[in-house]
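Okay, structure first, notes after.
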Amino acid sequence: MKDFMLKRTIYCGKVGIDDVGKEVIVSGWVHSYRDHGNLVFIDLRDREGLVQLVFDPEINGEIHKLARQVRCEWVVAAGGLVRNRSEGMENPKIPTGRIEIACTAFEILNTADTPPFEIDNADKVAEELRLANRFLDLRRPAMQNRLMVRHRVAKIVRDYFYNEGFIEIETPMLGKSTPEGARDFLVPSRLCEGSFYALPQSPQLFKQILMVAGMDRYFQIVRCFRDEDPRADRQAEFTQIDVEMSFVDVGDVIGIHEKMVAEVWKGILGIDVKLPMRRMTYADAMRDYGIDRPDLRFDMKLRDISDIAAKCDFKVFTSTVKNGGIVKGLCAPGGSNAYSRNDIEKTLTAFVSDLGAKGLAWFKVAAAEDGSGIDLQSSIAKFFSPALRKAIIERFNAQNGDLLLFVADKQAAANKALAPLRIKLGRELKLVSDSQYEFVWVVDFPLMEWNENEKRFDSLHHPFTAPVPEDLHKLDTDPGNIRSQAYDIVLNGNEIGGGSIRIHQPAVQEKIFSLLNISKQQAEDRFGFFLRALRYGAPPHGGIAFGLDRLTMLLTGTDNIRDVIAFPKTQRGQCLMTEAPGSVDQKQLEELNLRTQKHSHEPEKKE
RNA sequence: GGGGCCGUAGCUCAAUUGGUUAGAGCAUCGGACUGUCGAUCCGAAGGUUGAGGGUUCGAUCCCCUUCGGCCUCGCCA
C-alpha cells in the first residue's frame, strides 16, 4: 500500500524528444501554471529541470478540473503521453521546450503554503530570508547546481585518491583543545566533570600520527571548526580535503596535488590546466604583489622606489625612507583617464587608509609640457627633479595615460595597502577575466616570524612544519631567516590549499617548540601524545589541505561561501532556519555540571 | 572589539527640503478566457515604515538607543 498512486518513471528535466509517443509519469513541484479556462498548462519542476504538462478537458475532464486547483510549489504527479509541440509553440528557453506531456492521469500529492518569496526571483531576495527558508532557496536550480558541483568535486577527488593508493580514514570530532591557532569550539564532557573536548581545527596531528602508524597515504574530506568571525569566503564550520603522505618531499606533494586540481578542473569545467603549474617564492610574491597569494591574471607588479624617493624633496617620502620604511607603488595602465583627481584623492585614498595606509601619493603620466616625451604630473611633482621623475617612469616602464600610486610606510604596512589596491584597480580597469585560471604554487615561506607584541617567534604555517635542510644551521643564530618546506596553491589571488613537509625528528620538533616559546612542560601537556609518537619511528612525511568550500566557489563563480554550503550560518554564527545556537534545558546543564552566568557588572541602564 | 552599507505590503522597490489618505510591479484571493510559457484581461485584499525613545505643529525622512542582515579591519597556528 502506497500513499500515492502515480509512480515516477522519469525526471521532468530528462523528458526529451526521444520520449515522444511514450507514456511517462513525472512528479515534482508546480513551478508555474497558466489557466486558460479551457487548457491548463503546468510547468513541473524537479531536480533535473522543467517540463510542461497540458490538461485538456476534452481528453480528461476530471483531472483538468483538478489541475485548475493547483498552486505554485504544490507537489504533484502526472502521467500522460509525451508529444511534440506543434510549430510555433516550442519554448526555446527550456531544454524540454520541444515537447510536452498531454496528461491523462494526475495526482495532488501535497499542497503548499504560499512561499515567502518566489522561487524564480530568489536571487534578488534578501539573503536573510533565503537562509531562514533554506528548503525553498535550495529548490532553485542555481543552488542545486552548486551543490551538485560540490558533490562532483568530492567524487572526483575520492576517485583520484583511490587510484593513487590513498586511504580515507576518519579522525575524531571530539578532540583535545590546543591553545595555538584559532579559537576552539568547546564541547563539555559529561563523564569527565569540568573537562572539555574541542572540535578539530584540522586533523593535523591525527594525520601525522597515521603516517607514524604506517598508513603511508591518507586523505579525508573532513569538517573543520574554527571559532573566528566569518567572512564572505569563510565559515566557522568548513570542509577540507585533507591529505598526508609518507616518504615524500615537496615536489612529490606538489606533483600529486596539481594533478588532482587539474582533474577537478577538467571534470567540472572541461578546462585543461597546464602542468606543471608555475612556482613562485614567498619573497618574490611579497616583492612583486605585496601578498603571499598573488592574482596572476594581470601584471601590474608593485615596485619599490625607495632609492629614488630618498633623493626627492617630498618630506613624507624622505622621512619614511630615513626611518627604515619604503616607498612602494604600482602603475595602473590607462589609470589617469579612468580616475579623476577626485577619485584618487577621495575614493582610492579612503580605500588604502581603511587598510592602514597614511596616504596615497599619485602621479599622472602625461605628455611633457616642453614637448619632449612624457612626464609626471601631480601636486607633488615639483618635489622631484626631472631626472628623478624620469627614473620613476623608467622603473615602471610607464606609458602616457598611466597612473602611478604610491604608499610610503613600513614594508609590511605598504604591502598590506597596495596588494588590495592592485586587485581593486585590476578589476576596475577590467584587466581580469572570470574565465581565466592562473594557478601558482607559492614556496619557500619563512618558517617563523617575529611577534613584536609577544616577544617571540610565531609559526607562519604551524609548529610542525619542517625547515629547509640547508637553513637548519640558522636555528640558533638566525631563526627569522629560516625557510620552511611549506607550500600554498594559489588561484587568481585565492589560497585554495596549503601544506608542508613535517618535522619527523623529535629533536628538531622540540627545538622549534622552544623557539616558539613553548616550554618543555607546555609542549608535553599539549602535544605529549604526538611527541611520543614521533619517538617511535616517524617516517619523513608531509601533506596538504584544500578548502573544498572555496574550491567550489571558484568553480561555480560565486564570491559568497554560503552559496556552496547547503545549510550555512550567518556572520554571527547563527543558523536562521533552525535558530542554532539556542538555549538548553536546565537539566542538560546540570548533567554537564555547567552553569551560565550573566555579566557580574552589567552595563548601567540609562534612565 | 572597531569601521561601513542596509532594514517601507508576502517579495523587489518608490515616496520632492520634514508636509495631505505611504505608492508601483510581482505574488496572493475572486472572476473571465481554446496553445500558453514572465500568459492576458477585470476586480479585491494587503502597512506597528525592524523595535524603542527623542526633536518638531507634523518624522519613512533628522538625532539617540537597540535588534537583525551583509561587507570589512582585528582575528583566522
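Per chain, numbering begins at 1; letters A, B, ... match sequence-line order. Predicted model only: the values in this text are computed from it and were never measured.
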**Study point:** B:G10 versus B:G46 - spacing of their C1' atoms, nearest Å
**Key:** 9 Å

Practice item. Within residues 487-507 of chain A, find the residues that approach RNA chain B with a heavy atom at under 4.0 Å, and present them sorted by residue number. Key: none

Revision key, fill the gap. Scanning all shown strands, the Watson-Crick or wobble mate of B:U20 with both distances under 3.5 Å is none

**Study point:** Touch class at under 4.0 angstrom, heavy-atom based, for A:R526 against every strand present
**Key:** nothing

Review point. Does the side chain of A:S32 get closer than 4.0 angstrom to OP1 or OP2 of B:C37 through an N or O atom?
Key: no

Review point. In whole Å, what is the span from the CZ atom of A:R68 to the P atom of B:C33?
Key: 9 Å

Check your understanding: Is A:Q574 touching bases, backbone alone, or none of the nucleic acid, heavy atoms closer than 4.0 Å?
Key -> sugar-phosphate

Review point. Within the modelled atom types, does a donor on one side and an acceptor on the other bring the side chain of A:D229 and the base of B:G74 under 3.5 Å apart?
Key: yes

Practice item. Both distances under 3.5 Å, Watson-Crick or G-U wobble: report the partner of B:G7, or none. Key: B:C67

Study note, to complete from the structure: Applying side-chain hydrogen bond (donor to acceptor under 3.5 Å, both in side chains) to A:T114 and not counting sequence neighbours gives none

Check your understanding: How far does the P atom of B:U72 sit from the matching atom of B:U8, given to the nearest Å?
Key -> 23 Å

Practice item. Using a cut-off of strictly less than 4.0 Å between a heavy atom of the residue and any atom of RNA chain B, enumerate the qualifying residues of residues 235-245 of chain A by number. Key: none

**Study point:** Under 3.5 Å on both distances, the Watson-Crick or G-U partner of B:G74
**Key:** none

Check your understanding: Are any of A:Q52's side-chain N or O atoms less than 4.0 Å away from OP1 or OP2 of B:U36?
Key -> no

Exercise for review: Using a 4.0 Å heavy-atom cut-off across all strands, classify A:R572 as base, sugar-phosphate, or nothing.
Suggested key: sugar-phosphate

Review point. Under 4.0 Å between a side-chain N/O of A:K124 and OP1 or OP2 of B:G25, yes or no?
Key: no

Check your understanding: Atom CG of A:D184 to atom P of B:C75: distance rounded to whole Å?
Key -> 18 Å

Please table the atom pairs, donor to acceptor, closer than 3.5 Å between any side-chain atom in residues 545-552 of chain A and protein atoms at least two apart or in another chain.
residue	atom	partner	partner atom	Å
A:D549	OD1	A:R150	NH1	2.9
A:D549	OD1	A:R150	NH2	3.1
A:D549	OD2	A:T239	N	2.8
A:R550	NH1	A:E495	O	3.4
A:R550	NH2	A:D233	O	3.2
A:T552	OG1	A:L548	O	2.7

Exercise for review: Mark yes or no for whether A:T349, through its side chain, and A:I344, through its backbone, hold a donor-acceptor pair below 3.5 Å.
Suggested key: yes

Exercise for review: In whole angstrom, give me the gap between the P atoms of B:U56 and B:C61.
Suggested key: 16 Å

Exercise for review: Find the partner of B:C62: check Watson-Crick (N1-N3 plus N6-O4 or O6-N4) and G-U wobble (N1-O2, O6-N3) distances, both under 3.5 Å, and reply none if neither fits.
Suggested key: B:G54

For residues 512-530 of chain A, which side-chain donor-acceptor pairs fall under 3.5 Å, sequence neighbours excluded?
residue	atom	partner	partner atom	Å
A:S514	OG	A:K511	O	2.8
A:S519	OG	A:Q521	N	3.4
A:S519	OG	A:Q522	N	3.0
A:S519	OG	A:Q522	OE1	3.3
A:Q521	NE2	A:D525	OD1	3.1
A:Q522	OE1	A:S519	N	2.8
A:R526	NH1	A:E180	OE2	2.1

**Study point:** salt bridge (Lys or Arg N to Asp or Glu O under 4.0 Å) involving A:R71 - partner list, sequence neighbours excluded
**Key:** none

Exercise for review: Using only side-chain N and O atoms of A:R231, determine if any of them is under 4.0 Å from OP1 or OP2 of B:C75.
Suggested key: no

Exercise for review: Could you measure between the two C1' atoms, the one in B:C11 and the one in B:C64, and give it in whole Å?
Suggested key: 31 Å

Study note, to complete from the structure: Side-chain contact check for A:A232: nearest option of B:C71, B:G69, B:G35 is B:C71

Practice item. Would you mind checking if A:R231 and A:D229 are paired as a salt bridge, meaning a charged N to carboxylate O distance below 4.0 Å? Key: no

Give me the distances for all protein-to-nucleotides 41-44 of chain B N/O pairs that come in under 3.5 Å?
none

Revision key, fill the gap. Residue pairs meeting salt bridge (charged side-chain N to carboxylate O under 4.0 Å, His left out), one or both in residues 52-62 of chain A, sequence neighbours left out, come to none

**Study point:** NZ/NE/NH1/NH2 to OD/OE distance under 4.0 Å, A:D409 and A:K358
**Key:** yes

Revision key, fill the gap. Picking from B:G69, B:U36, B:U34, the nucleotide nearest the side-chain atoms of A:L39 would be B:U34

Check your understanding: So, is A:H36 close to the B:G35 phosphate, meaning a side-chain N or O under 4.0 Å from OP1 or OP2?
Key -> yes

Revision key, fill the gap. Checking B:G35, B:G10, B:U12 against the side chain of A:R85 (C-beta onward), the nearest is B:G35

Practice item. Kindly point out which of B:U12, B:C70, B:G35 is positioned nearest to the side chain of A:V125? Key: B:U12

Point to revise | C1' atoms of B:G18 and B:U55, separation to the nearest Å | key: 11 Å

Check your understanding: B:A59 and B:G19: how far apart are their P atoms, nearest whole angstrom?
Key -> 11 Å

Review point. Using purine N1 to pyrimidine N3 plus N6-O4 or O6-N4 for Watson-Crick, or N1-O2 and O6-N3 for G-U wobble, each under 3.5 Å, what pairs with B:G35?
Key: none

Check your understanding: Mind checking whether A:F185 and A:F225 have parallel, tilted or perpendicular rings, split at 30° and 60°?
Key -> perpendicular

Practice item. Classify the nucleic acid contact of A:Q201 as base, sugar-phosphate or nothing, counting any heavy atom under 4.0 Å across all strands shown. Key: nothing

Review point. Which salt bridge (charged side-chain N to carboxylate O under 4.0 Å, His left out) pairs, counting each pair once, include a residue from residues 565-575 of chain A, with sequence neighbours left out?
Key: A:E237-A:K569

Revision key, fill the gap. Taking B:C73, B:C37, B:G35 as options, the one with an atom nearest any side-chain atom of A:D43 is B:C37

Check your understanding: For the pair made of CZ in A:R130 and P in B:G10, what is the distance, rounded to whole Å?
Key -> 20 Å

Review point. Are the charged groups of A:R140 and A:D563 less than 4.0 angstrom apart, N to O?
Key: no

Listed pairs, N/O of protein and of nucleotides 26-28 of chain B, under 3.5 Å:
residue	atom	partner	partner atom	Å
B:C26	O2'	A:E118	OE1	2.8
B:C26	O2'	A:E118	OE2	3.1
B:C26	O2	A:E118	OE2	3.4
B:A27	O4'	A:E118	OE2	3.1

Practice item. Round to a whole Å and report the spacing from CG of A:D56 to C1' of B:U34. Key: 9 Å

Study note, to complete from the structure: Residues at least two apart in sequence or cross-chain that pass salt bridge (Lys or Arg N to Asp or Glu O under 4.0 Å) with A:K328, listed by chain then number, are none

Review point. Side chains of A:F457 and A:L447: does their closest heavy-atom pair fall under 4.5 Å?
Key: no

Point to revise | Partners passing side-chain contact (heavy atoms from CB on, under 4.5 Å) against A:L186 (at least two apart in sequence or in another chain) | key: A:S177, A:D184, A:F196, A:A198

